[in-house]
Amino acid sequence: MKTDTKFKIQGSWREIKGKLKQKYADLTDDDLLYEEGKDEELIGRLQRKLGMTIDEVKSEINSL
């Protein structure tokens, strides 16, 4: 059974983006481009770039 990890960008996206860039040096500003209401687009880009599942990407962002 597939679990749906809740995803919500809390706090400052700039701060989260900085932490992701520190942890994953190959991420670019284009990879981390975020627009209000386009969460799934961001998740898809990160999933492809990092080789993670959607739930893993959501968990990673939520943990920052």
Validation row: [X], [Y] side chains within 4.5 angstrom (heavy atoms):
X: Asp26; Y: Tyr24; value: yes
X: Glu60; Y: Lys23; value: yes
X: Leu32; Y: Ile16; value: no

Kindly write out the residues that satisfy side-chain hydrogen bond (donor to acceptor under 3.5 Å, both in side chains) with Ser63, not counting sequence neighbours, or none if the list is empty.
-> none

Report the residues that fulfil side-chain hydrogen bond (donor to acceptor under 3.5 Å, both in side chains) with Glu41, sequence neighbours left out, ordered by chain and then residue number.
-> Arg45

Distance in Å, Asp55 CG paired with Gln47 CD, rounded so as to fall on 0.5 Å steps = 9.5 Å

Hey, does the side chain of [X] reach the backbone of [Y] with a donor-acceptor pair shorter than 3.5 angstrom?
X: Asn62; Y: Ser59; answer: no
X: Lys49; Y: Thr28; answer: no
X: Trp13; Y: Glu35; answer: no

For Glu15, salt bridge (charged side-chain N to carboxylate O under 4.0 Å, His left out) partners two or more places apart | Lys19

Among the clusters formed by ILVMFWY side chains lying less than 4.5 Å apart, do Leu33 and Leu20 turn up in the same one?
-> no

Show your working on side-chain contact (heavy atoms from CB on, under 4.5 Å) between Leu42 and Lys38 and close with a plain yes or no.
-> CA-CA 7 Å; Leu42 170 67; Lys38 301 227 176 174; over 6 Å; no

Contact summary for Ile43 and Lys58, nearest pair of heavy atoms = CD1-CG, 4.0 Å

Test side-chain contact (heavy atoms from CB on, under 4.5 Å) on Asp31 and Leu50 and set out the steps.
-> CA-CA 10 Å; Asp31 295 329; Leu50 300 175; over 6 Å; no

Residues in side-chain contact (heavy atoms from CB on, under 4.5 Å) contact with Asp29, at least two apart in sequence or another chain = Lys17, Lys21

